[in-house]
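The first residue of the sequence shown is numbered 1, and numbering continues consecutively from there.
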Amino acid sequence: MKILIKIAAFVAIFLLVLVWRFPYDSLVEKSVRRAEAVTGATIIYHPVSAGPFGVRVSDLQIRMPSGASLTFDTARIFPSKQGLSTTAYQGENEMTVSLSPATLVVNLKEIMVGTGSPEIGDAKVTGSLNYQLATKEGEGDLRLVIKELKIPLPIPDPQVEIGSTYTIRNIGTPERPRTGVSAAVKLLNKDFSANGTISLEGQPAPSSPLINGNLRFEAPTGRGTIQLSGSWDKPSTKIIPN
């Protein structure tokens with residue numbers, strides 16, 4: 001009986017050492033590079049510790065092809081078969097990401113995002129994305145709080161809130177993949193509201209996505225239409241009174 005106990009104890013210790021010495025950091029690195037390949041993002045981080053409960057990192061930075069960027073104080077990354085799952089933190093707010101061979105799922109809760117557009121600036125974003133990797137299509141919803149919108153609009157206060165449901169579709173070819181986004185948008189301000197549809201059409205890097213859309217608005221000064229054009233980094237507007 002004592003021999004069996006010793007054998008069991010040895011096996012348990014061996015398995016424990018094997019688990020703790022498993023190269024989780026290397027597996028996470030491979031998973032992160034796959035995430036970069038399927039999203040086009042650039043991901044930078046500093047490993048802090050690694051173990052069976054994931055790899056803890058600090059100063060996680062994500063830059064998207066559109067120019068949008070996200071920065072997190074800390075994150076914990078769990079590698080999985082051909083994928084990963086991540087919870088990243090900005091103070092008390094968090095973003096979760098799940099990447100599998102078939103799908104990419106993202107959820108954000110009041111995360112500050114650098115939009116990559118000087119006219120929009122930073123936005124506090126809450127929302128979700130469900131993206132199918134095989135078809136390069138997806139859908140989701142977003143709520144953005146923008147402190148100082150610099151796009152010319154008939155409003156006295158530049159702080160606005162934007163709500164949107166959106167769909168992503170593949171408009172390119174296997175040789176030249178491109179993404180198109182169609183969003184139903186509602187824009188609110190203290191004395192102003194607008195709604196309509198906006199489309200974004202991805203362009204080959206490093207060009208910014210093209211933007212096009214019309215928003216019907218109501219303001220103290222009257223009603224009308226806002227026509228949007230240009231590119232994501234340099235949008236332009238035309239106000240057409242009713």
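Of the possible donor and acceptor atoms, one in the side chain of Trp232 sits under 3.5 Å from a partner among the backbone N and O of Thr115. The closest donor-acceptor contact from the side chain of Thr179 to the backbone of Gly202 lies at 3.5 Å or more, if one exists at all.
By the side chain to side chain donor-acceptor pair (under 3.5 Å) test, Ser182 is found to be paired with no residue, residues two or more places apart in sequence or in another chain being considered. Residues meeting the side chain to side chain donor-acceptor pair (under 3.5 Å) test with Arg169, sequence neighbours left out: none. Checked against side chain to side chain contact (heavy atoms under 4.5 Å, CB included), Thr135 has the following partners two or more places apart in sequence or in another chain: Gln132, Glu137. Not a single salt bridge (charged side-chain N to carboxylate O under 4.0 Å, His left out) links Glu148 to another residue, sequence neighbours left out. Legend: residues meeting side chain to side chain donor-acceptor pair (under 3.5 Å) with Thr126, ordered by chain and number and at least two apart, are absent. With sequence neighbours left out, the salt bridge (charged side-chain N to carboxylate O under 4.0 Å, His left out) criterion links Glu218 to Arg223. Every residue two or more places apart in sequence or in another chain that forms a side chain to side chain donor-acceptor pair (under 3.5 Å) with Asp141 is listed here: Ser128. Legend: residues meeting side chain to side chain contact (heavy atoms under 4.5 Å, CB included) with Thr74, ordered by chain and number and at least two apart, are Tyr89. For the side chain to side chain contact (heavy atoms under 4.5 Å, CB included) test, residues two or more places apart in sequence or in another chain that qualify with Ser229 are Ser236. With sequence neighbours excluded, the residues satisfying side chain to side chain contact (heavy atoms under 4.5 Å, CB included) with Asp59 are His46.
The hydrophobic clustering, which links ILVMFWY residues whose side-chain heavy atoms are closer than 4.5 Å, places Leu200 and Leu210 apart. No single ILVMFWY cluster, assembled from side-chain heavy atoms under 4.5 Å apart, contains both Val105 and Ile111.
The CZ atom of Phe72 sits 6.0 Å away from atom CG of Leu60, with the distance rounded to the nearest 0.5 Å. Separating the CG atom in Leu70 from the CE atom in Met95 is a distance of 6.0 Å, to the nearest 0.5 Å. Of the inter-residue distances, the one linking Leu215 atom CG with Leu187 atom CG reads 7.0 Å to the nearest 0.5 angstrom. A distance of 10.0 Å separates CG in Asn93 from CE in Met112, rounded to the nearest 0.5 Å.
Residue pairs meeting the salt bridge (Lys or Arg N to Asp or Glu O under 4.0 Å) criterion with at least one partner in residues 109-135, sequence neighbours excluded, do not occur; the list is empty. Within the structure, the salt bridge (Lys or Arg N to Asp or Glu O under 4.0 Å) test picks out the following pairs touching residues 195-214 (sequence neighbours left out): Arg178-Glu201.
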request  = For Phe217 and Ile239, run side chain to side chain contact (heavy atoms under 4.5 Å, CB included): C-alpha distance rounded to whole Å, both residues' side-chain angles, the deciding distance at 0.1 Å, then the answer.
outcome  = CA-CA 10 Å; Phe217 73 86; Ile239 311 298; 3.9 Å; yes

message = Checking Arg216 against Thr225 for the side-chain hydrogen bond (donor to acceptor under 3.5 Å, both in side chains) test, could you report, in this order, the C-alpha distance in whole Å, the side-chain angles of both residues, the deciding distance, and whether it holds?
response = CA-CA 5 Å; Arg216 293 284 300 168; Thr225 300; 2.9 Å; yes

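Considering Thr96, Asn130, Leu129 in turn, Thr96 is the only one that fulfils the side chain to side chain contact (heavy atoms under 4.5 Å, CB included) rule with Asn107.
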